[in-house]
Amino acid sequence: MRTRPSRAAATESTTDCPNLQTYFSRCNSIRVESGCWMLYERPNYQGQQYLLRRGEYPDYQQWMGLSDSIRSCCLIPQTGSHRLRLYEREDHKGLMMELSEDCPSIQDRFHLSEIRSLHVLEGCWVLYELPNYRGRQYLLRPQEYRRCQDWGAMDAKAGSLRRVVDLY
């Protein structure tokens with residue numbers, strides 16, 4: 001992944017970086033040359049998250065960013081299969097639904113607008129707070145998430161889910 005900081009030369013990253021502040025203070029453009037990356041607006045993989053696949057992003061609006069502040073990034077590992085379980089209540093209780101494909105609308109498919117807990121069994125996923133892969137994004141790695149705070153959300157609002165796959 002290459003970034004173009006303000007009035008500076010390009011910076012290149014091939015691995016996870018918990019603190020990009022040592023390289024630049026603002027990020028004006030990004031080119032992802034391979035793989036899928038998650039960008040974070042704060043150091044140590046905190047704050048707003050933005051999924052980027054291979055391609056050119058000439059400004060932060062192209063990656064749905066709220067500002068040109070990017071402070072950490074991680075390369076998302078690729079797997080061949082994806083599977084997760086959604087639960088209507090915390091601690092994996094209540095109605096359980098399983099997914100292995102992208103879901104553009106959790107409301108349309110499962111008649112739920114909130115997910116209280118989940119368990120990622122295989123692959124990495126991105127949970128979006130709004131339908132059609134819009135709104136806040138949360139990277140979900142294989143593990144158990146007993147409440148929405150475990151994936152970094154302030155509430156259980158869930159609109160769509162997408163598998164992280166390198167489409168090229």
Side-chain angles (χ1 to χ4, degrees), residues 1-79 82 84 86 90-91 102-103 106 113-120 123-167:
M1 176 181 70
R2 290 178 195 240
T3 61
R4 175 83 48 200
S6 303
R7 292 184 229 118
T11 301
E12 187 170 339
S13 179
T14 56
T15 62
D16 297 358
C17 187
N19 190 354
L20 292 166
Q21 285 179 291
T22 57
Y23 303 107
F24 53 84
S25 61
R26 296 172 51 209
C27 182
N28 292 331
S29 66
I30 295 176
R31 177 176 39 203
V32 177
E33 295 178 347
S34 64
C36 296
W37 292 79
M38 188 60 81
L39 305 180
Y40 298 83
E41 71 174 0
R42 296 197 336 241
N44 298 312
Y45 317 111
Q46 300 293 312
Q48 289 272 43
Q49 302 176 38
Y50 307 106
L51 174 67
L52 273 64
R53 291 187 166 90
R54 194 175 315 192
E56 300 273 340
Y57 301 86
D59 60 57
Y60 66 87
Q61 294 164 338
Q62 299 301 307
W63 66 77
M64 308 306 269
L66 300 176
S67 74
D68 60 3
S69 176
I70 298 299
R71 299 290 185 251
S72 53
C73 65
C74 68
L75 180 62
I76 303 170
Q78 296 294 300
T79 60
H82 292 77
L84 67 77
L86 309 170
E90 290 185 354
D91 293 317
D102 296 350
C103 181
I106 294 169
S113 60
E114 293 185 337
I115 300 297
R116 300 278 176 189
S117 59
L118 52 86
H119 184 185
V120 178
C124 291
W125 296 74
V126 175
L127 171 67
Y128 295 82
E129 94 181 319
L130 300 173
N132 299 312
Y133 317 115
R134 295 178 299 116
R136 288 184 182 267
Q137 303 172 30
Y138 304 98
L139 178 60
L140 305 172
R141 297 177 182 271
Q143 68 183 55
E144 292 185 7
Y145 299 86
R146 298 195 168 278
R147 57 198 45 83
C148 62
Q149 291 82 7
D150 292 349
W151 64 79
M154 298 297 286
D155 59 44
K157 189 175 182 181
S160 48
L161 279 156
R162 178 176 274 167
R163 297 166 295 143
V164 178
V165 293
D166 190 354
L167 301 173

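Computed over heavy atoms, backbone and side chain alike; hydrogens, waters and symmetry mates excluded. Predicted, not measured: the structure shown is a model, and the values here were computed from it. Residue numbers run from 1 in the order of the sequence given.
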Exercise. Within the side chain of S29, is there an N or O that forms a donor-acceptor pair under 3.5 Å with the backbone of P58?
Worked result: no
Exercise. Do the side chains of L86 and H119 get nearer than 4.5 Å, heavy atoms only?
Worked result: no
Exercise. What closest approach, in Å, do V32 and G35 show between heavy atoms, and which atom pair accounts for it?
Worked result: CG1-O, 3.5 Å
For this session: Could you give me the CA-CA distance, side-chain angles and deciding distance for D91 and R147, then say whether side-chain contact (heavy atoms from CB on, under 4.5 Å) is met?
Result: CA-CA 7 Å; D91 293 317; R147 57 198 45 83; 3.3 Å; yes
Exercise. Going through the distances and angles, do I76 and W37 end up as a side-chain contact (heavy atoms from CB on, under 4.5 Å)?
Worked result: CA-CA 6 Å; I76 303 170; W37 292 79; 5.9 Å; no
Seminar exercise, completed: When every non-hydrogen atom of L75 is compared with those of D16, the smallest separation belongs to N-OD1, 2.8 Å
For this session: Report yes or no: does N19 contribute a side-chain atom to a donor-acceptor pair with the main-chain N or O of P43 at less than 3.5 Å?
Result: no
Exercise. Say you draw a straight line from CG of L127 to CD1 of I115; how long is it, rounded to the nearest 0.5 Å?
Worked result: 8.0 Å
Exercise. Where the side chain of Q143 meets the backbone of R141, is there a donor-acceptor pair that is under 3.5 Å apart?
Worked result: no
Problem set entry | Those residues that, when tested against Y145, pass ring-ring contact (aromatic ring centres under 6.0 Å, His included) (two or more places apart) | none
For this session: For side-chain contact (heavy atoms from CB on, under 4.5 Å), just list the numbers for L140 and L161, CA-CA rounded to whole Å, side-chain angles, deciding distance to a tenth of an Å, and then say yes or no.
Result: CA-CA 10 Å; L140 305 172; L161 279 156; 4.0 Å; yes
Seminar exercise, completed: Rounding to 0.5 Å, atoms SG (C17) and CG (N44) come to a distance of 10.0 Å
Exercise. Side chains of R136 and Q48: closer than 4.5 Å at any heavy-atom pair?
Worked result: yes
Problem set entry | Side-chain ion pair, R31 and E56, N-O less than 4.0 Å | yes
Problem set entry | Distance-minimising heavy-atom pair for S160 and Y133 | OG-N, 2.9 Å
For this session: Look at the side chain of Q49 and the backbone N and O of L139, then say whether any donor-acceptor pair between them is shorter than 3.5 Å.
Result: yes
Problem set entry | Point-to-point distance, once rounded to the nearest 0.5 Å, from CD of E129 to CD of Q137 | 10.0 Å
Exercise. Can you tell me if D155 uses its side chain to pair, donor with acceptor, with the backbone of K157 under 3.5 Å?
Worked result: yes
Exercise. Looking only at heavy atoms, what is the nearest atom pair of P18 and S72, with distance?
Worked result: O-CB, 3.3 Å
Exercise. Could you state the interatomic distance from SG (C124) to CZ (R163), rounded to the nearest 0.5 Å?
Worked result: 12.5 Å
Problem set entry | Nearest non-hydrogen partners of C73 and L39, listed with the distance | CB-CD2, 3.8 Å
Exercise. So, H82 side chain and W125 main chain: donor-acceptor pair closer than 3.5 Å or not?
Worked result: no
Problem set entry | Trace of the side-chain contact (heavy atoms from CB on, under 4.5 Å) decision for V164 with Q78 | CA-CA 7 Å; V164 178; Q78 296 294 300; 3.8 Å; yes
Seminar exercise, completed: CD of E90 to SG of C148, rounded to nearest 0.5 Å, is 6.5 Å
For this session: Work out which heavy atom in Y138 is nearest to a heavy atom in W151; give both atom names and the distance.
Result: CD2-O, 3.4 Å
